[in-house]
Amino acid sequence: MSKQPTIYIGSDYMGFGLKQKLATFLKTQLQKSVADMGPEKKIEGDDAVDYAIKVGREVLKNKNNRGILICSSGHGMCITANKIRGIRASIGYNIMGAELMRLHTDANVLCLASKMISFEHACAIVKKFLDTKFDPIDRRVRRLKKLEKLEKTGKI
């Protein structure tokens with residue numbers, strides 16, 4: 001029997017406020033198991049890279065786990081997370097984007113831009129990301145296999 005999936009969440013100082021609110025939303029409104037990977041308090045000038053690595057490593061421990069990373073633009077978190085073999089991170093710029101990242105690419109990490117979305121919009125994006133299942137039609141599976149090969153060998 002598979003372990004109950006966990007949502008791992010992390011941010012830098014620019015995403016800290018949104019992270020705190022989303023963690024509460026996930027626990028209370030969506031009844032999800034949530035692990036806050038930091039920071040515990042807002043630390044001016046901390047590095048998104050540190051938290052993206054923590055979240056990414058935890059997500060990989062169970063194929064049903066998901067990650068949420070938050071910085072001011074989402075870019076720093078997304079770039080870092082995608083350096084971790086097995087992580088497929090994308091920026092959730094809107095609800096449809098969150099749906100398509102799961103449906104088409106089986107993304108396991110959602111990156112959010114705290115400076116560009118409201119808390120309410122972030123909640124809707126997160127909910128869509130978590131509710132959407134990957135649709136494993138042949139071309140999507142073929143593409144994921146190519147990505148896996150690229151990660152392992154540097155070639156397709």
Closest approach of R85 and L60, non-hydrogen atoms and distance?
O-CD1, 3.2 Å
Under 4.5 Å between side-chain heavy atoms, chaining through other members, with only Ile, Leu, Val, Met, Phe, Trp and Tyr counted: pull out the rest of the cluster around I156, sorted by chain and number.
L150
Any side-chain heavy-atom pair of [X] and [Y] under 4.5 Å:
X: Y93; Y: I117; answer: no
X: K19; Y: P39; answer: yes
X: F134; Y: L144; answer: yes
X: L26; Y: L130; answer: yes
X: T105; Y: R143; answer: no
X: V126; Y: L112; answer: yes
X: V109; Y: N82; answer: no
X: L110; Y: R66; answer: no

Cluster question for you: counting only ILVMFWY and a side-chain heavy-atom cut-off of under 4.5 Å, with indirect links fine, are I84 and Y8 together?
yes
When you group the ILVMFWY residues by side-chain heavy-atom contacts below 4.5 Å and let the links chain together, are L18 and I68 in the same group?
yes
Just wondering, are more than 12 heavy atoms of other shown residues or ligands nearer than 6.0 Å to CE in M96?
no
Looking at R57, I'd like to know if its CZ atom is crowded, meaning that more than 12 non-hydrogen atoms belonging to other residues, nucleotides or ligands lie closer than 6.0 Å.
no
Below 4.0 angstrom, N of the basic side chain to O of the carboxylate: do K61 and E58 qualify?
yes
Can you list the steps and then say if Y13 with E44 is a side chain to side chain contact (heavy atoms under 4.5 Å, CB included)?
CA-CA 6 Å; Y13 71 103; E44 194 76 27; 3.3 Å; yes
Residue set satisfying side chain to side chain donor-acceptor pair (under 3.5 Å) with D47, at least two apart, ordered chain then number -> none
Side-chain polar contacts of residues 71-80 - donor-acceptor pairs under 3.5 angstrom, sequence neighbours left out - could you list them?
residue, atom, partner, partner atom, Å
S73, OG, H75, N, 3.1
S73, OG, H75, ND1, 3.0
T80, OG1, G76, O, 2.9

